[in-house]
Amino acid sequence: NPQSRADKAEVGDFTQSIYYQMAQMLLAQQQMSAEDSEYLLQMIAHPGTTGLDVEKDMFVFVGKDKNTVLSQPEVGMLFNVKNPKEVETFLGWIAGKIGVEPQTENGVTFLEIADQYTTYIAYTKESFLLYTETNPEVAEVKATVMQLLSQKKSESLMAMPEIASALNEA
């Protein structure tokens, strides 16, 4: 899990790391209130307060549009949810800041953030998926997200003993 890896790497206090300092610099360049910037820095320093289970493994995946060589990759991150209420509070804050309304379908709540890329956040009481794509078809993305979030463990890569073993050793 991420905490045990951080302990092994002797990461220490994340707020003293170069990554936290980079986040501070990036946030300082944004047009946001000091209060919002501080809130985001707290989420970065203490991600468990978002309701995500940061003590369990998270999965990151990258895909490439097969139609173009120069396209931006599709990137996703999948987390377990530890506290659904905290996730809803955090995403409610994001939704309020960007002026979008989360939509719930079949037990999955979607939040679409459209900027130079389109980022989708989808969550259930058990899982949280962050997915960024450059040329999305909303219906197609929702179908993919629904498929991923409803996937049984026996259908996932973790069902393959050699993959599960390699990931658990890492």
Is there a side-chain contact between [X] and [Y] in this structure, where contact means two heavy atoms from C-beta onward sitting under 4.5 Å apart?
X      : Y      : result
Ile113 : Ile94  : yes
Lys56  : Lys82  : no
Val81  : Lys125 : no
Val108 : Glu105 : no
Met43  : Leu41  : no
Ser127 : Leu78  : yes

Quick one: closest heavy-atom pair of [X] and [Y], and the distance?
X      : Y      : value
Val60  : Met77  : CG2-CG, 4.1 Å
Thr124 : Gly107 : CG2-O, 3.6 Å
Asn80  : Asp57  : ND2-O, 3.9 Å
Pro102 : Thr109 : CB-CG2, 3.8 Å

Within this structure, what is the [atom1]-[atom2] distance for the pair [X] and [Y], rounded to the nearest 0.5 Å?
X      : Y      : atom1 : atom2 : result
Thr119 : Leu111 : OG1   : CG    : 9.5 Å
Glu101 : Gln103 : CD    : CD    : 8.0 Å
Tyr39  : Thr49  : OH    : OG1   : 7.0 Å
Leu40  : Phe90  : CG    : CZ    : 6.5 Å
Lys97  : Ser33  : NZ    : OG    : 5.5 Å
Asn83  : Glu88  : CG    : CD    : 9.0 Å

Checklist line | Whether Phe79 and Phe128 hold their rings parallel, tilted or perpendicular, with breakpoints at 30° and 60° | finding: perpendicular

Margin query: Which residue in the set Leu52, Leu91, Leu129 passes side-chain contact (heavy atoms from CB on, under 4.5 Å) when paired with Tyr123?
Written below: Leu91

